[in-house]
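Contents: one structure, followed by commentary.
Treat the numbers as computed from the prediction; the structure is a model and nothing was measured. Below, read A as the first sequence line, B as the second, and so on, with proteins coming before strands; counting in each chain starts at 1.
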Amino acid sequence: MRLSQYFLVTTKETPADAEVVSHQLMLRAGLIRKLGAGLYTWLPLGLRVLRKVETIVREEMDRAGALEVLVPPQVPAELWQESGRFDQYGPELLRFKDRHQRDFVLGPTHEETITDMARRDVRSYRQLPLNLYQIQTKFRDEIRPRFGVMRAREFLMKDAYSFHVDAADLAREYRNMREAYRRIFTRVGVRFRIVKADSGPIGGDRSEEFHVLANSGEDLLAVSDASDYAANIEAAESLRPGPRPAAAAQSEPVATPTQKTCEEVAALLGVPLQTTVKLIVVRARGGGLVALALRGDHALNVLKAEKHPRVAAPLELAGDAEIEAAFGAPPGFLGPIGDKVPVVADHAAAALADFVCGANRAGYHQRGVNWGRDAREPEGADLRCVAGGDPSPDGQGTLSLVRGIEVGHIFQLGRKYSEAMHASVLDESGKELTPEMGCYGIGVSRVVAAAIEQCNDAAGIVWPEAIAPFRVILCPIGRDKSAAVKQAADTLYAELSAAGVEVLYDDRGLRPGPMFADADLIGIPHRIVVGDKGLGSGQFEYKRRGAAEARMIPATTADVIAALSA
RNA sequence: CGGGGCGUAGCUCAGCUUGGUAGAGCGCUUGCUUCGGGAGCAAGAGGUCGCAGGUUCGAAUCCUGUCGCCCCGACCA
């Protein structure tokens, strides 16, 4: 491709409304342009990258035995009402009415559509297993679109849905997809990690996420330093601590007139934060309140709390007035003493002896408190987010917290959708069988942003070779002045093109500075400079994007091709 | 949705407090010079100051409303 014939729109200045580096670079390098909040046009250069990711995904899905389909982005609301998700999914579901006032949704995923197809056309166990996928624009009425295409209202997603006669076959396909995903992200060329996940509103039993590791990631992951254990912090279990030490201290009140948080109290008393206990008062399932006790240095894991049988889901914090009525003290001075409301204690809080907590009296805390003596022996549960330094749940190593960008998610759904939508097949004995389902997603457009997030330097993008928009950029110096340069560059361009190398030829006649700056910014992996200097000794200059130094190579097409693969 | 901020040239922004004929840098066009890491000189194009009302002799500037965008919190590929 000749750049003079192309639509390359780069900018030197960083657009004001771009926060993360991938968004900035995608705008500066002319990959995308914003149409509205969370809506982006893919320009020619960006679309080439998107297509490359898409192609890798398609090839590996095909290789794994899945079959490509294409379903309508519009879905009649009845299908979503049938699965129950029309009401459950919430405001994030993009809905509209047509001229006849019929309800539709713009699909954020397509379990319903595919299950509907399956119940019509999949009649026999002989047709199973079946794994159908598509690569298509998905829609979400995001609360807050941000970070460019990373969290957009529209995005390109690969979604796959599989059907099986039993759970064992579902598990087999799940592993198959897991391996396919591993190959996909390896081929794309990003550093990633597979983590245990919560299945969220999609539902189902087992699920794992694929994360590209990057500091700008929106998700916190807990990873072991000694094994391959890794989990989204939402889903990471915490290990139960050892047995509780014996009580040694007397329980006594201490004045804490203005100290409401555990941090403030611990500082005032000069005790470690880990010896304090805080109460979080929430609505109980079936009415009333329940208090969740956590160690002062630990954070509540909302998803874990919502799964607890005593806690109402979605989690709702009690109001100040209710708390005062139940405890006789305002928030900030609450403790598990005095049987005010039922207490569920996180295992780590339950394992403390001689701890500090609120005295249920404004302006006072209580120290030397012990379960079973000063406070009723609590019900224990895993309620907290794991913290860096915790032992890994698999017993090997220590957890540390890192950030990741979720680019893939695989689920074993079970029969949630097939049951709700009455999809069934006849088994060998002629009896009805409700298939087990799996679903598998990849955020294709998000992968592009995630790759940039991981692969960039001060000058711009440094594309992994597999998804670079072009493989080589050809930069002639003084092409308009030197017949030798023009001749050599034109020939090299023609020969590389003929050899099937994706080459971008900068024939715009720019000065070297801007030309190199653009080449760096758009991140083409290999750069060949053709100039009078080198040609004088029969050489081209070769530089790998991201390499410190350029080197000279013989000025022949064969040597250039050899350098590309070196 | 709640909290905070911003809408002035293609981009980054000044001007607004104290109303008086719309600015800079970068980018773009043309010419000459220059040509190995974002050149110099000269000439030029480009803005209903987000939109709608209001106050005023006069509004980018003051007032009201409205729309859009960005950032912080609850969601997800």
Side-chain angles (χ1 to χ4, degrees), chain A residues 9-20 23-24 27-28 30 33-39 53 57 89-93 107-110 135-160 181 185 197-202 207 209-212 217-219 232 234 302-303 314-317 404-411 439-450 459-460 475-482 485 509-521 527 529-535 541 543 550:
Chain A
V9 281
T10 57
T11 60
K12 203 181 338 183
E13 305 200 65
T14 301
D17 55 8
E19 182 87 347
V20 295
H23 188 198
Q24 293 171 354
L27 290 168
R28 285 191 54 211
R33 285 294 180 260
K34 184 169 73 172
L35 179 63
L39 300 174
V53 176
V57 170
Y89 209 86
E92 202 162 277
L93 184 60
T109 68
H110 284 100
I135 299 175
Q136 197 203 49
T137 303
K138 298 298 187 297
F139 301 84
R140 260 173 219 170
D141 195 348
E142 281 287 347
I143 299 169
R144 184 148 93 85
R146 64 183 138 174
F147 303 155
V149 300
M150 199 95 88
R151 175 170 300 284
R153 294 172 56 88
E154 271 189 44
F155 53 95
L156 193 65
M157 178 164 123
K158 186 285 298 176
D159 47 328
Y181 274 37
F185 294 114
D198 182 80
S199 52
I202 307 281
S207 88
E209 294 168 344
F210 287 69
H211 281 262
V212 168
E218 293 185 86
D219 285 299
N232 194 306
E234 295 173 345
V302 173
L303 288 169
L315 191 78
E316 199 183 338
L317 295 177
I405 299 165
E406 184 188 355
V407 289
H409 201 157
I410 56 178
F411 301 81
C439 85
Y440 320 92
I442 290 180
V444 177
S445 44
R446 183 181 276 182
V447 168
V448 176
C475 298
I477 305 290
R479 179 174 179 273
D480 298 335
K481 299 294 179 306
S482 163
V485 166
L510 296 186
R511 304 160 55 82
M515 183 161 55
F516 292 153
D518 268 352
D520 288 346
L521 177 59
R527 187 184 76 188
V529 177
V530 179
D532 277 324
K533 264 194 212 166
L535 287 179
E541 176 192 294
K543 183 168 184 289

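- The aromatic rings of F185(A) and Y181(A) sit perpendicular, their planes meeting at an angle over 60°, well past the 30° parallel limit.
- Because its NZ or CZ atom is not both nearer than 6.0 Å to the ring centre of F155(A) and within 45° of the ring axis, R446(A) does not count as a cation-pi partner of that residue.
- Which of A39(B), A77(B), C72(B) sits closest to the side chain of E19(A) comes down to C72(B).
- Test M150(A), E218(A), H211(A) against I405(A) for side-chain contact (heavy atoms from CB on, under 4.5 Å) and you get one pass: M150(A).
- Of all the heavy atoms in Q136(A) and L156(A), the pair that sits closest is C-CD1, 3.5 Å.
- With a 4.5 Å cut-off on side-chain heavy atoms, M157(A) and T109(A) count as touching.
- With rounding to whole Å, L35(A) atom CG is found 13 Å from G68(B) atom P.
- Put simply, the side chain of R151(A) and the base of A77(B) share no donor and acceptor less than 3.5 Å apart.
- The nucleotide whose nearest atom lies closest to any side-chain atom of R144(A) is, among C71(B), G27(B), C75(B), C71(B).
- Of the C1' atoms belonging to U64(B) and C1(B), the separation is 24 Å, rounded to the nearest Å.
- Side-chain atoms of R146(A) and base atoms of C71(B) include no donor and acceptor less than 3.5 Å apart.
- You'll find the side chain of K138(A) reaches within 4.5 Å of the side chain of H110(A), heavy atoms only.
- Within the 4.0 angstrom heavy-atom criterion, base atoms lie near V529(A).
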task: List the steps and the verdict of side-chain contact (heavy atoms from CB on, under 4.5 Å) for I477(A) and K533(A).
output: CA-CA 9 Å; I477(A) 305 290; K533(A) 264 194 212 166; over 6 Å; no
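- The residue from V447(A), I410(A), I442(A) that alone fulfils the side-chain contact (heavy atoms from CB on, under 4.5 Å) condition with F210(A) is I410(A).
- Distance check on atom C1': G50(B) versus C6(B) gives 11 Å, rounded to whole Å.
- The CZ-P distance, from F147(A) to C71(B), rounds to 7 Å in whole Å.
- Atom name P, nucleotides G46(B) and U55(B): the rounded distance is 34 Å, in whole Å.
- Between C1(B), C69(B), A77(B), one nucleotide has an atom nearer to the side chain of A37(A) than all others, and that is C69(B).
- Note: NE2 (H409(A)) to P (C75(B)) measures 15 Å, nearest angstrom.
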Heteroatom pairs (N/O) under 3.5 angstrom, protein to nucleotides 3-13 of chain B:
unit_1, atom_1, unit_2, atom_2, d
C11(B), O2, E13(A), OE2, 3.2
U12(B), OP1, A16(A), N, 2.8
U12(B), O4', E13(A), OE1, 3.3

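- For G7(B) and C62(B), the P atoms lie 11 Å apart once the distance is rounded to whole Å.
- Look at the P atom in both G31(B) and C69(B): the space between them is 41 Å, to the nearest Å.
- Distance check on atom C1': C49(B) versus G40(B) gives 33 Å, rounded to whole Å.
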task: Could you go through the side-chain contact (heavy atoms from CB on, under 4.5 Å) check for R146(A) and E19(A) one step at a time?
output: CA-CA 8 Å; R146(A) 64 183 138 174; E19(A) 182 87 347; over 6 Å; no
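- For U34(B), the OP1/OP2 oxygens have no side-chain nitrogen or oxygen of R511(A) closer than 4.0 Å.
- Put simply, F516(A) does not rest on the base of G38(B): the two rings are not both less than 5.5 Å apart at their centres and under 30° in tilt.
- One P atom belongs to G68(B), the other to G25(B), and the distance between them is 35 Å to the nearest Å.
- In this structure, the CD atom of E154(A) is 14 Å from the C1' atom of A77(B), given to the nearest Å.
- Not one side-chain nitrogen or oxygen of R140(A) sits closer than 4.0 Å to the OP1 or OP2 atom of C76(B).
- The CD-C1' distance, from E142(A) to G73(B), rounds to 15 Å in whole Å.
- With distances taken from any side-chain atom of P514(A) to the nucleotides C76(B), A39(B), C26(B), the minimum falls on A39(B).
- Of the candidate nucleotides A74(B), A77(B), C70(B), C70(B) has the atom lying nearest to any side-chain atom of K34(A).
- With P as the reference atom, A24(B) and C70(B) are 30 Å apart, rounded to whole Å.
- Pairing for U61(B) is absent, judged as Watson-Crick or G-U wobble with the two contacts each under 3.5 Å.
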